Novice: 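My structure is below; once you've seen it, I'll send some questions.
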2 protein chains.
Amino acid sequence: MLLDMPGQAPSHCGDCQIRHRAVCAKCDTDELQRLEEIKYYRSFEAGQTVIWSGDHMGFVGSIVTGIATLTQTMEDGRTQMVGLLLPSDFVGRPGREIAPYDVVATSDIVMCCFRRKPFEEMMESTPHIAQRLLQMTLDELDAAREWMLVLGRKKARERIASLLAIIARRDATLKLASLQGKIEFDLPLTREAMADYLGLTLETVSRQISALKKDGVISVEGNRHVTVHDMDTLLQEAGDDTDGGILS
Amino acid sequence: MLLDMPGQAPSHCGDCQIRHRAVCAKCDTDELQRLEEIKYYRSFEAGQTVIWSGDHMGFVGSIVTGIATLTQTMEDGRTQMVGLLLPSDFVGRPGREIAPYDVVATSDIVMCCFRRKPFEEMMESTPHIAQRLLQMTLDELDAAREWMLVLGRKKARERIASLLAIIARRDATLKLASLQGKIEFDLPLTREAMADYLGLTLETVSRQISALKKDGVISVEGNRHVTVHDMDTLLQEAGDDTDGGILS
DNA sequence: TTAAACCTTTGATCTGCGTCAAAGAAGACT
DNA sequence: AGTCTTCTTTGACGCAGATCAAAGGTTTAA
C-alpha cells in the first residue's frame with residue numbers, strides 16, 4: 001500500500017498524473033521522458049485474469065483505476081489471496097520472468113505498463129528507481145507479515161475487523177479524513193473474496209459481519225456500503241494494539 | 001532465503017567470507033573496502049532478544065552463524081513468527097528507524113553489523129547495493145506470501161510437511177545434495193517455535209510429527225534429528241504442486 | 001549418579017469454524 | 001415490471017485443532 005510522498009509535485013508522469021508516484025516520485029524530467037516513451041495502457045474487465053501464475057511476464061506496471069487481487073491456488077482449488085492491489089500499486093517484478101501468482105481484476109481496471117526489458121535497463125541507469133522500488137517492496141513485505149499474524153493467530157471476528165480497518169484506513173488516508181469517529185466506505189470485495197483474503201469460508205465471513213452489525217460496531221447497507229461507527233472500537237475488535245500497526 | 005549467486009567469487013567481504021554475498025555480491029573492490037570500514041560484529045546467546053519491536057534500530061546487518069526468528073506478538077501473548085533468519089540472511093531496513101518485529105536468537109548467533117547511517121549513505125552512492133537489496137526483499141516477499149497460503153489454507157499435517165520441506169530444501173541447497181531420496185537434518189526449532197511459525201499449538205505440532213512418523217514419511221531420533229525418506233512424498237503431504245514453489 | 005529444568009508426547013474433552021443445505025436480497029437484463 | 005443470475009444470509013451438524021492435564025524423555029549441572 002502506497003502513500004503519497006508529501007512535498008512531491010504530484011503530476012510527474014504525463015497523463016498518468018500522480019498514479020506513478022510509485023515509480024517516479026524522485027525522477028527528474030529526463031528520466032520521466034524516458035518513462036513516457038516506453039509506457040502504454042491496458043484495460044481488463046471485472047473477473048478477467050490479468051496474469052496467470054507461471055506465465056511469462058512481459059511487463060511491469062501499476063494500477064491506474066480499479067481493484068485487482070494477487071492469489072495463489074492449490075491443486076484441489078483452495079485459494080488464498082496474498083495481496084490486494086489498489087490504484088497506484090505496482091504489479092510485476094523487475095528481474096523476474098515468471099509470474100508467481102495469479103493477478104485477477106476484481107473490478108474493471110486500467111493499468112499503465114512498461115515493457116519489462118526497457119524498464120529494467122532504465123533501472124540500471126537510474127538508481128532512484130531501484131531505491132524507490134525497494135521502499136515499496138519493504139512496505140509490501142510489512143503488509144504480508146502483518147497478514148501472517150492475522151492468518152496464523154487471529155479469530156474470525158478479529159480477522160474481519162482487521163480487514164475492515166485496513167480498508168477504512170486506506171479510504172481515510174486518501175480522503176485525508178480523520179481517523180476518529182464515523183468512517184464510511186464501499187467494500188471492494190465480495191464475501192467470497194474477503195474469505196479468500198482472510199483464510200475463512202464465505203459463510204463465516206457473512207456470520208461475523210452480521211455479528212459486528214448486531215453488536216453495533218458497524219452498519220451495512222446494500223451488502224457493500226459499510227459504516228464504521230467508531231474506529232477505536234473496530235481496532236479493539238481487530239485485536240490490535242492502539243493503532244494496529246496497520247499504518248504504513 | 002538467499003541462494004548463492006553462481007559464478008560470483010565467494011570471498012568478497014574480508015573475514016566474513018561468503019556471508020555477505022547478500023549485500024555485496026556485485027560490489028567492486030572499492031565498495032567492499034568501504035563496507036569493511038563500517039562493519040563490526042555482535043554476538044547474542046540463545047534466547048536473547050536482539051531487537052525489540054518498536055525499538056530504534058541503529059544498525060543493519062546479516063547473520064553470520066546461528067538461527068534467529070522474526071516474531072510478532074499480540075497484547076494477550078499470541079505469537080506469530082513471520083520470518084526465519086539463517087546465516088547470510090539480512091536483518092534490518094535501510095530507511096526504517098523503528099523495528100517492526102522482535103528479532104530473537106534461537107541459538108547462539110553472531111551478526112555482522114553496519115551502522116545504519118553510513119550504510120544508507122553508501123546505498124545512495126552505490127546503485128548495486130540497492131538493486132541487490134531489492135532482489136533479496138522480493139525473495140523475502142515471495143517467502144512471506146508462500147507462507148500466507150500455508151497459514152490461511154493448509155491443514156495441520158500439510159503445514160508440518162511444508163515446514164520440513166523448507167528446512168530440508170535449505171539444507172539440501174547448502175550441501176548441494178540431491179533433492180531425491182533420503183535427506184537428513186537437524187530441526188533448528190523447538191516444537192513451540194514450530195507452532196509459532198505454523199499458526200498451531202505445540203501439541204498439534206507434536207501429534208502431526210508423530211503421525212508422519214507412524215505413516216513412514218519421516219523418522220526422528222532424539223527430538224531434533226529428522227530423516228525424510230522420500231522428498232516427493234513429503235512434498236505431496238505438503239499439498240504443493242510438484243516442486244512446491246518452495247524454490248527461490 | 002541424581003536432581004532439576006526443560007522439552008515432548010499422549011490422552012480426554014471442548015469449541016470455533018467448516019460443511020452442507022436452503023431460503024432470502026440485490027443487481028442485471030429483457 | 002418481471003425473470004435470471006449472482007451474491008448473501010441463516011440454520012443444523014460435524015470435525016480438526018485448541019485446551020487442559022499428566023506422564024515420559026532429554027539435557028544440563030552439581
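Below, read A as the first sequence line, B as the second, and so on, with proteins coming before strands; counting in each chain starts at 1. The model shown is predicted, which means the values in this text are computed figures rather than measured ones.
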Novice: Which heavy-atom pair separates A:Tyr101 from B:Asp142 by the least distance, and what is that distance?
Specialist: OH-OD1, 3.2 Å
Novice: Identify the residue among B:Thr204, B:Ile218, B:Val205 that makes a side-chain contact (heavy atoms from CB on, under 4.5 Å) with B:Ile160.
Specialist: B:Val205
Novice: Below 30° counts as parallel, above 60° as perpendicular, anything between as tilted: where do the rings of B:Tyr40 and B:Phe59 land?
Specialist: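 If you compare the ring of B:Tyr40 with that of B:Phe59, the planes turn out perpendicular.
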Novice: Return whichever of A:Ser206 or A:Arg153 has its heavy-atom-nearest nucleotide of DNA chain D closer to the 5' end.
Specialist: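 Nearest nucleotide further toward 5': that of A:Ser206.
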Novice: Considering every strand and a 4.0 Å limit on heavy-atom distances, what is the contact class for A:Leu200: base, sugar-phosphate, or nothing?
Specialist: sugar-phosphate
Novice: Counting N and O atoms only, with roles assigned by atom type, does the side chain of A:Gln80 sit under 3.5 Å from a partner on the main chain of A:Tyr197, one being a donor and the other an acceptor?
Specialist: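 Yes, A:Gln80 side chain to A:Tyr197 backbone: donor-acceptor pair under 3.5 Å.
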Novice: Using side-chain heavy atoms (C-beta onward) and a distance below 4.5 Å, is B:Met194 in contact with B:Gln208?
Specialist: no
Novice: Got a donor-acceptor pair under 3.5 Å from the side chain of A:Glu203 to the base of C:dC20?
Specialist: yes
Novice: Taking only residues two or more places apart in sequence, or in another chain, which ones meet B:Ser43 in a side chain to side chain donor-acceptor pair (under 3.5 Å)?
Specialist: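 With sequence neighbours excluded, B:Ser43 shows a side chain to side chain donor-acceptor pair (under 3.5 Å) to no residue whatsoever.
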Novice: For A:Lys155, is the NZ atom crowded, meaning more than 12 foreign heavy atoms sit under 6.0 Å from it?
Specialist: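 Counting other residues, nucleotides and ligands, NZ of A:Lys155 stays at 12 neighbours or fewer.
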Novice: Does A:Gln48 CD have over 12 foreign heavy atoms under 6.0 Å away?
Specialist: yes
Novice: A:Arg159 has an atom CZ; how far is it from atom P of C:dG16, in whole Å?
Specialist: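 Going from CZ in A:Arg159 over to P in C:dG16 covers 14 Å.
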Novice: Grab the CZ-P distance between A:Arg191 and C:dG18 for me, whole Å please.
Specialist: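 Spelled out: CZ on A:Arg191 to P on C:dG18 is 16 Å.
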Novice: Quick one: B:Glu221 CD to C:dT8 C1', roughly how many Å, whole number?
Specialist: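 Result: 16 Å.
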Novice: Check the distance between C:dG16's C1' and A:Lys155's NZ and give it to me in whole angstrom.
Specialist: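 Atom-to-atom, A:Lys155 to C:dG16, this comes out as 9 Å.
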Novice: Output the single nucleotide from D:dT8, D:dG17, C:dG18 whose closest atom is nearest the side chain of B:Gln208.
Specialist: D:dG17
Novice: Hey, does the side chain of A:Thr201 come within less than 4.0 Å of C:dC17's phosphate (OP1/OP2), counting only N and O?
Specialist: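 So the side-chain polar atoms of A:Thr201 never come under 4.0 Å of the phosphate oxygens OP1 or OP2 of C:dC17.
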Novice: If you fit an axis to the five pairs at each end of the helix from C:dT1-D:dA30 to C:dT30-D:dA1, how big is the angle between those two axes, to 10 degrees?
Specialist: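 Terminal axis comparison yields 50°.
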Novice: In whole angstrom, give the distance that lies between atom NZ of B:Lys213 and atom P of D:dG25.
Specialist: 12 Å
Novice: Before accepting this row, confirm whether a basic side-chain N of the pair A:Arg96/B:Asp139 lies closer than 4.0 Å to the acidic partner's carboxylate O.
Specialist: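 Here A:Arg96 pairs with B:Asp139 in a salt bridge, since their nearest N and O are under 4.0 Å apart.
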Novice: Looking at B:Ser210, I'd like to know whether one of its side-chain N or O atoms comes within less than 4.0 Å of OP1 or OP2 on C:dT10.
Specialist: yes
Novice: Atom CG of B:Asp186 to atom P of D:dT26: distance rounded to whole Å?
Specialist: 15 Å
Novice: At less than 3.5 Å, do the side-chain atoms of B:Arg207 and the base atoms of C:dG11 form a donor-acceptor pair?
Specialist: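 Indeed, a donor on one side and an acceptor on the other fall under 3.5 Å apart.
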Novice: With heavy atoms under 4.0 Å as the rule, sort A:Gly47 into base, sugar-phosphate or nothing.
Specialist: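 Nothing: the residue A:Gly47, judged by heavy atoms under 4.0 Å, touches no strand.
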Novice: So which of A:Ile183, A:Asp240, A:Leu164 actually passes side-chain contact (heavy atoms from CB on, under 4.5 Å) with A:Leu234?
Specialist: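 Of the listed options, the one satisfying the test is A:Leu164.
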Novice: B:Arg157 CZ to D:dC15 C1': how many Å, rounded?
Specialist: 17 Å
Novice: Using a 4.0 Å heavy-atom cut-off, write out nucleotides 23-30 of chain C from 5' to 3' as B (base contacted by protein), S (sugar-phosphate only) or - (no contact).
Specialist: ---SS---
Novice: Quickly work out the B:Glu192 CD to D:dA18 P distance and round it to whole Å.
Specialist: 13 Å
